[in-house]
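What follows is a single structure, written as structure tokens, with notes after it.
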Amino acid sequence: MIFYFSGTGNSRWVALETARLTGDRAVFIPRAGTICKLRDNEPVGFVFPIYAWAPPACVTAFIKSVQFDNYQNNFCYFIATCHSQTGNIDGIMKKALAARGWQCDAGFSVRMPNNYLLAPFVKTDAPQKRNKLLRNAQTRLKDIAADISRRTSKFDLRRGSKLLSLIAPLFQKHMTAKGFRVERDKCVKCGKCAEICPVNNIRLTPFPQWGSRCEMCQACLSVCPTAAIQYGRYTKGKQRYMFSEEYLNED
Ligand SMILES: Cc1cc2nc3c(=O)[nH]c(=O)nc-3n(C[C@H](O)[C@H](O)[C@H](O)COP(=O)(O)O)c2cc1C
Ligand code: SF4
Ligand code: SF4
């Protein structure tokens with residue numbers, strides 16, 4: 001059973017592809033129940049995007065609270081989608097799973113197009129690079145699925161520098177919904193931002209208002225058809241990113 005979280009669609013595609021290639025099923029974490037019945041010998045997978053070299057908060061919260069029915073030391077793995085580096089994601093996941101008495105048998109990272117826009121000089125990938133990353137990911141997922149099917153215990157990650165663990169908390173501290181705002185003259189009140197939010201954190205009044213349980217997934221920012229949503233000082237004028245299967249067939 002694959003549990004996944006995704007804001008702009010990369011990790012959703014990775015989870016669904018992995019499910020297809022391994023003959024498994026995928027469940028979106030915000031819609032998963034608290035009790036999940038596992039089949040005999042079914043692998044348990046977690047698929048999610050890397051946020052400041054860590055998993056999204058809802059993924060760690062889910063690991064803390066989910067109850068597995070029929071858990072018999074099932075093979076357990078994670079796949080972290082990232083743009084460049086995962087930091088100490090295996091350390092974090094091993095610790096979170098060990099706290100529940102579960103072993104983390106394998107961990108993989110998959111490079112995907114960038115969706116992060118909140119810092120200066122950071123932007124989404126140009127179409128050619130974006131499409132190339134997705135095609136490479138498609139090939140990589142076949143290898144990962146083979147490892148999962150063989151129950152191979154391995155950690156194959158783009159960790160980057162060990163120093164990332166030191167700066168990660170500084171970034172995480174600033175990741176709050178407080179930075180979101182809407183440019184009212186651009187907002188057409190379509191409601192797409194509220195509709196896509198995976199944790200129902202947006203209220204329309206009729207302009208969007210952000211609550212406090214934001215995952216920082218960027219879905220609202222990316223889905224807005226008029227780019228009316230900004231975050232802090234650095235998102236204005238930048239191209240947004242949202243996964244599309246069509247990119248896999250483009251040059
Ligand atoms: C708040 C935030 C922080 C991010 N931090 C990292 C990071 O530390 N390392 C990295 O390689 N990519 C980082 N990214 C990029 C995403 O992990 C990557 O684009 C991911 O595939 C997006 O997945 P999704 O489309 O399923 O939401 C970050 C993205 C966001 C929104
Ligand atoms: S408010 Fe926006 S960034 Fe925050 S969780 Fe919802 S969609 Fe994601
Ligand atoms: S998606 Fe954009 S245009 Fe639509 S309601 Fe939200 S902010 Fe307004």
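Just so you know, these numbers come straight off a predicted model, no measurement behind them. In each ligand, atom 1 is the first atom listed, and ligand 1 is the first ligand listed.
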Test item, Ala227 contacting ligand 3 (heavy atom, 4.0 angstrom):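 False for this residue.
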
For ligand 1, is there an N or O atom under 3.5 Å from any N or O atom of [X]?
| X | value |
| --- | --- |
| Thr81 | yes |
| Gly7 | yes |
| Asn114 | no |
| Thr8 | yes |
| Gly9 | yes |
| Ala52 | yes |
| Leu118 | no |

Report the part of Gln85 in contact with ligand 1, treating N, CA, C, O as backbone and CB onward as side chain, heavy atoms under 4.0 Å; options are side chain, backbone, both, neither.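 Backbone only.
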
Just let me know how Ala219 lines up against ligand 1, side chain, backbone, both or neither, with a heavy-atom cut-off below 4.0 Å.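 It is neither part, as no heavy atom is under 4.0 Å.
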
Gln218 neighbourhood, listing ligand 2 atoms whose heavy-atom distance to it stays under 4.0 Å: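 Selected atoms, number and element: 3 (S), 8 (Fe).
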
With heavy-atom distances below 4.0 Å as the criterion, list the atoms of ligand 1 near Cys82.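 Counting atoms of ligand 1 from 1, those under 4.0 Å from Cys82 are 10 (C), 11 (O), 17 (O).
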
Option whose closest heavy atom lies nearest to atom 2 (Fe) of ligand 3, chosen from Cys187, Ala194, Cys224, Pro206: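 It is Cys224 that holds the nearest heavy atom.
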
Is the gap between the ring centers of Phe3 and Phe62 under 6.0 Å?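 Aromatic pair counts; centres sit under 6.0 Å.
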
Between Asn10 and Asn115, a side-chain donor and acceptor under 3.5 Å: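 No pair is found: no donor N or O on one side chain lies under 3.5 Å from an acceptor on the other.
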
Could you name all protein N, O or S atoms found under 2.8 Å from atom 6 (Fe) of ligand 2?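 Per the 2.8 Å query on atom 6 (Fe) of ligand 2, atoms found are Cys197 SG.
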
Using the test ring pair (Phe, Tyr, Trp, His ring centres under 6.0 Å), find all partners of Tyr51 that sit at least two apart in sequence or belong to another chain.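 Testing Tyr51 for ring pair (Phe, Tyr, Trp, His ring centres under 6.0 Å), a comparison that skips the adjacent residues, returns none.
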
Would a 4.5 Å heavy-atom cut-off, applied to side chains only, mark Trp210 and Ile229 as touching?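 Yes; the side chains approach each other to less than 4.5 Å.
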
